[in-house]
Amino acid sequence: MPESGFSTSLDPVDWGDLRRDGHRMLDDMFDHMETLRKQPVWRAPPPDRLSGICEALPREPMPLADVHAQFMRSILPYSSGNAHPGFMGWVQGGGTPVGMLAEMLAAGMNANLGGRDHMAIEVERQMVAWTRDLFGFPGSASGLFVTGTSAANFIGVLAARTRAAGPSVRCRGLAATGRHLTAYASAAVHGCVSRAMEMAGLGRDQLRVIPVDADHRIRIDALTRAITSDRANGLEPFLLIGTAGTVDVGAIDDLSALADLAEAEQLHFHIDGAFGALAMLAPELAPRLAGIERADSLAFDWHKWGQVPYDAGFLLVRDGEWLRQTFAADAAYLRRAERGLAGGDWWPCDHGPDLSRGFRALKTWFTLKTYGADAIGRAIAETVSLARMLAARVATEPELELLGPVPLNIVCFGYRSADADRLNASIVADLHEAGRVAPSLTTVGGRTAIRAAIVNHRTAAEDVDALVESVLALGRAARSRLAA
Ligand SMILES: *Cc1c(COP(=O)(O)O)cnc(C)c1O
């Protein structure tokens, strides 16, 4: 028997041994999650970190328990911290124990959701139906799980291109059509949208970047003028991209006004709702998304505000046919059968770029069923209350200043100082190294801001208080150093 305890089939010789190791791994993970708050949000990987994992390709077996011990020692303690209640950097979800367990079940099934007739596909289909209903999309709507909103935005751009240029663009390429397709989004749009334009072969210069108002929402007047002027110059506006929850401050574009304009101008209306779209689950926030039900396509992540473990991006489109026209292919080895395993009438590989696909739907399905969608909505609403609390606290502290609007769950602020940009950057780095709270750094209105994006369901008032107290302490220390 090989030392690892595995036979040539890679299944264990003794399932009892594996069972013991597996239960230990599960318990270690529960312990980790249960004690997250007592751990640092982040610690720098140790200088000798490579000695922990840098080694030649292991040709010989090693007991599973030893590999797991190495994980516990060298990998787990040095995570990026997004599961921790003190994590407020960037916009990242916290994950849940239920999501973790569902991932284990999905890996155990090892389902491939490219297509064919099996129940995992039906679970993803059920997720599509729930998503369609949640956002008020019609019965013709369809969608699928993808890695994240970056991928979902890319697929949205491709679908819009197919609608504008016709399915023949897939053979001929855009250049052969002689069309000059232009897209529109606000200056606060996420960087992955320009990249989607690049990857689609449309070119990032064909994305018109429209200025925002004081609330970081796209200016409809400037947008209308840009479309008119492009048309006058022989260009062909085809795609309007609104954002529901900008990554900088969490602004939501006027989605109804954008839907009206897209309708009047006959443009495909796509929404990047990466984290913001799931505000739909919170009754007190949902009205702010009015107009989202009129989108032609909507990209968002279950792995941010939805708290589903990474990765779980999603694209919803008003008419499933647009995806089929963009992606469906006719290969002999993917032939459909009338009956048997090669049957099934919905093959996700016809609706997106991936053939082999994992079972992302399962962890999302488990999350919604186990906690209930309303509980996710309450966690979302709570992060918005915490952001409001933080903004109010900043407003009452004379040494602090708010540096942007706070429409949702993101607060940009800073310590007042003659040298504020440098000081705020150094405060954020100090906070990361101290390990109690981890905000990120951004630039708002040309100024360097400490950015607290409260997304994690574990974040509580005590974490927000710790953030304010730590920023005040670090700011004061810097001031007294300067005075000395
Ligand atoms: C996070 C984010 C993205 C990118 O989503 P990924 O899931 O990281 O690919 C796009 N747009 C906005 C507004 C985001 O917040």
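Read the numbers this way: they start at 1 and go in the same order the structure lists the ligands and their atoms.
- Short contacts between ligand 1 and Gly245, defined as distances under 4.0 Å to a heavy atom of the residue, involve ligand atoms 13 (C).
- Arg294 has a carboxylate O that lies under 4.0 Å from a charged side-chain N of Asp260, or vice versa, which qualifies the two as a salt bridge.
- Scanning all protein heavy atoms for the shortest distance to atom 12 (C) of ligand 1 gives Ala274 CB, 3.2 Å.
- A donor-acceptor pair is defined here as one N or O able to donate and one able to accept, closer than 3.5 Å; such a pair exists between the side chain of Asn456 and the backbone of Ala83.
- Atoms of ligand 1 lying under 4.0 Å from at least one heavy atom of Cys192, given by number and element, are 10 (C).
- Side-chain contact check for Arg458 versus Asp463: every heavy-atom pair is 4.5 Å or farther apart.
- Aromatic rings from Phe300 and Phe135 are positioned such that their centres are separated by under 6.0 Å.
- Of all atoms in ligand 1, listed by their number and element, those nearer than 4.0 Å to a heavy atom of Gly148 are 7 (O), 9 (O).
- Using a 4.0 Å cut-off between a side-chain N of Lys or Arg and a carboxylate O of Asp or Glu, Glu198 and Arg195 do not qualify as a salt bridge.
- Salt-bridge formation is not detected for the pair Arg378/Glu382: no Lys NZ or Arg NE/NH1/NH2 atom is positioned less than 4.0 Å from an Asp or Glu carboxylate oxygen.
- Per-residue contacts place Phe275 under 4.0 angstrom from the following atoms of ligand 1 (heavy atoms of the residue considered): 15 (O).
- Polar contact with ligand 1: present for Ser150 (N/O pair, distance under 3.5 Å).
- Ring geometry for Trp346 against His351 counts as tilted: the plane angle lies between 30° and 60°, on a 0 to 90° scale.
- Put simply, part of Val247 is less than 4.0 Å from ligand 1, judged by heavy atoms.
- Counting protein heavy atoms only, atom 7 (O) of ligand 1 is closest to Asp301 OD2, 2.6 Å.
- Using a 4.0 Å cut-off between a side-chain N of Lys or Arg and a carboxylate O of Asp or Glu, Arg219 and Asp221 qualify as a salt bridge.
- The closest non-hydrogen atom to atom 2 (C) of ligand 1, taken over Lys304, His190, Gln92, His303, comes from Lys304.
- On a distance-only criterion, Asp272 and ligand 1 share at least one N/O pair closer than 3.5 Å.
- Contact between Gly313 and ligand 1 is absent, with no heavy atom of the residue lying under 4.0 Å from the ligand.
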